[in-house]
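Take a look at the structure below.
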Amino acid sequence: METVFPLRFYASASVASTAAPSSGNRLASIGLWLRRHRQRIALMQWGVALFYGALVVLPAVLPLPSGDAHLWDNLRLFAQFVFWGLWWPGVMLATVSLGRVWCGLFCPEGFLSELASRHGRGKAAPTWLKWRYWPFIAFVTTTIYGQLVSVYQYAEAALLILGGSTLVAVLVGFLYGHDKRVWCRYLCPASGVFAILAKIAPLHYKVDRAAWDHAGAEQPFNCPPLVDVRRMSSASDCHACARCAGQRDAVQLAPRSPFAEILRLDIPARATDAYTLIFGVMGIATAAFQWTVSPWFLNLKMTLATWLVEHESYRLLDTDAPWWLLTHYPEVNDAFTWLDGILVLTYLLGGGVLLGALLLIAPHIAARLMRHPGLDWKRFALTLTPMGAASVILGLTMTTATQLRGEHLLLLWLPHLRVALLGAGVIASLWLAFALIRQAEKVKPLRRGGAFFAMTLPVALMTGVWGLAFFVW
Ligand code: SF4
């Protein structure tokens, strides 16, 4: 069902534009402009899909780069840099600053899935598919699997993971929904992470419920990720596609405080978001970013390998696993042993879950101390969102830095940028915890102080974990 543009809202926006527009009006106009220009956006999405398809498929059929190849003269290295050095960190930064615009306006996977659903079977999504933890499970699985097959380094692995994910997205689109993004809403591995980061975006599509209810006749529009727009209060599920901008004179792209959503107690704090943040983004993803620089990992591997040799047990030291199971590129001396595979799996799962469990203690203590309606452990866990955002951006840009250093670029500014990003995450998370606790005026000061102190501990832990990786190891 395509959009019928709401003339009344457009007229009022046009009138407003004859005077000096406020920043709010300007933003609303951008939302309306995006809604009016669906065809241009679709054209751009085709362009992104073709570029993405070429960068996923072509490098995988080319030979491995020679030692003197560069980003600018070798398609494998270029694609590797675009995907992991620019694209992923860029998408995270865009989501934190603008909301899920990547999903709504650019993502080739969502675009193709929606296209397939327009011409597919149109079946209703089954109940099992709507289980809220699929994106979390998918995120953890792809993060770990990506490390086992070295997805950041090899185009074959990127084709397998990104291409495979796109094929499944198209299949899900073909089977379920009509003109919808069932894949994005219920299954996409990145969806849970985007849902968290969008909570602190300073832009969102704001819904005026009263205006919605008092508007005249229903104007048809399509929300592909199946959001109940009338009741929408969180930016988590909204793909910022602008298709509801101006709807019933009640929806507009608007600025907000990046802390507003987490501090508003009438917006539910979901357990899925809290677990994805704590165990996914801050736990397992952090372990995945850091295992290659961890001396703990190296020492454990050397100790176990020595023990195996001493006991003449060589099976786990073989490198005969296929490339789609464990990294296997003997032509460049890069092949995982079975021991490597087991240790990577153990370090990521064990280390990530341990880190997540430690991070989770404080939100439970803070909630216990506060004993206040709405201030449960999930709400306190979500105050760590800025720290999680900083962590995932720091982790992803490690790949960017490695790639640029490979081109002999001196990145003297990098430590300062890292400290600034980490500092911003620390300050914003502590401020969120403080502002949340401040809302409960009737709770005794000692309890409030205790809750705040508890919430400084996970922030300190994450700062320590990243400090180790950047400045000690
Ligand atoms: S609520 Fe739906 S239609 Fe509106 S901007 Fe978000 S994703 Fe698009």
Side-chain angles (χ1 to χ4, degrees), residues 1-6 9-10 13 24 27-42 44-45 91 94-115 117-118 125 130 135 169 173 176-188 190-209 211-213 215 218-256 260-261 267-268 270 273:
M1 182 77 66
E2 202 33 86
T3 302
V4 175
F5 190 71
F9 193 92
Y10 177 46
L27 272 177
S29 310
I30 291 171
L32 295 169
W33 186 91
L34 288 170
R35 179 170 179 170
R36 282 201 308 278
H37 293 88
R38 285 299 316 156
Q39 281 185 332
R40 285 190 202 187
I41 291 170
M44 181 190 66
Q45 287 169 320
V91 168
T95 309
V96 170
S97 51
L98 304 171
R100 297 178 65 169
V101 286
W102 166 259
C103 303
L105 302 179
F106 300 100
C107 177
E109 208 163 278
F111 168 65
L112 293 174
S113 186
E114 183 184 338
L115 201 66
S117 107
R118 198 170 298 153
K130 296 180 185 172
Y176 303 115
H178 180 69
D179 235 0
K180 299 294 178 200
R181 296 189 177 199
V182 170
W183 162 261
C184 309
R185 177 64 193 265
Y186 298 114
L187 299 172
C188 171
S191 174
V193 180
F194 293 156
I196 291 160
L197 300 192
K199 285 184 186 299
I200 52 170
L203 295 184
H204 72 148
Y205 281 85
K206 179 180 172 188
V207 182
D208 180 339
R209 180 96 169 253
W212 182 287
D213 289 342
E218 178 64 272
Q219 299 146 345
F221 81 107
N222 177 33
C223 176
L226 302 140
V227 177
D228 179 355
V229 181
R230 176 174 172 261
R231 294 184 180 81
M232 180 170 73
S233 54
S234 163
S236 284
D237 296 329
C238 169
H239 285 199
C241 72
R243 283 185 245 193
C244 64
Q247 186 70 20
R248 297 171 76 96
D249 287 359
V251 187
Q252 62 173 345
L253 181 59
R256 64 174 182 173
E261 183 171 330
I267 300 177
R270 300 183 298 206
D273 289 338

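Each ligand, and each atom within it, is numbered from 1 in the order the structure gives.
Atom CD1 of residue Ile267 and atom CE of residue Met232 lie 10.5 Å apart, to the nearest 0.5 angstrom. Ser234 contributes atom OG, which lies 7.0 Å from atom CG of Asp273 (distance to the nearest 0.5 angstrom). Atom-to-atom distance recorded for Ser191:OG and His239:NE2 is 5.5 Å, nearest 0.5 angstrom.
Shown here for Arg100 and Ala235, the closest heavy-atom pair between the two residues is CD-O, 4.2 Å. Residues Thr95 and Val91 share a closest heavy-atom pair of OG1-O, 2.7 Å. In terms of heavy atoms, Arg35 sits closest to Cys244 at NH1-C, 3.5 Å.
Heavy-atom separations between Gly104 and ligand 1 are all 4.0 Å or longer.
Atom 2 (Fe) of ligand 1 does not have Cys238 among its coordinating residues (no N/O/S atom, backbone or side chain, under 2.8 Å). Cys241 lies close to atom 8 (Fe) of ligand 1, since one of its N, O or S atoms is found at a distance under 2.8 Å. Counting backbone and side-chain atoms alike, Cys244 contributes an N/O/S atom closer than 2.8 Å to atom 4 (Fe) of ligand 1.
The distance from ligand 1 to the heavy atoms of Pro225 drops below 4.0 Å at these ligand atoms: 7 (S). Of all atoms in ligand 1, listed by their number and element, those nearer than 4.0 Å to a heavy atom of Ala242 are 5 (S), 8 (Fe). Those atoms of ligand 1 with a heavy atom of Val229 less than 4.0 angstrom away are 1 (S).
With respect to the salt-bridge test (charged N to carboxylate O, under 4.0 angstrom), the residues Arg248 and Asp208 do not qualify.
Shortest contact from atom 2 (Fe) of ligand 1 to any protein heavy atom: Cys223 SG, 2.3 Å. The closest protein non-hydrogen atom to atom 7 (S) of ligand 1 is His239 N, 3.2 Å.
Counting heavy atoms closer than 4.0 Å to ligand 1, residue Pro224 contributes nothing at all.
For the residues Arg35, Met232, Arg243, Gln247, the heavy atom positioned nearest atom 1 (S) of ligand 1 is part of Met232.
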| message | With side chain to side chain contact (heavy atoms under 4.5 Å, CB included) as the criterion, how do Glu114 and Asp179 come out once you've worked through the C-alpha distance, each side chain's angles and the decisive distance to 0.1 Å? | response | CA-CA 6 Å; Glu114 183 184 338; Asp179 235 0; 4.2 Å; yes
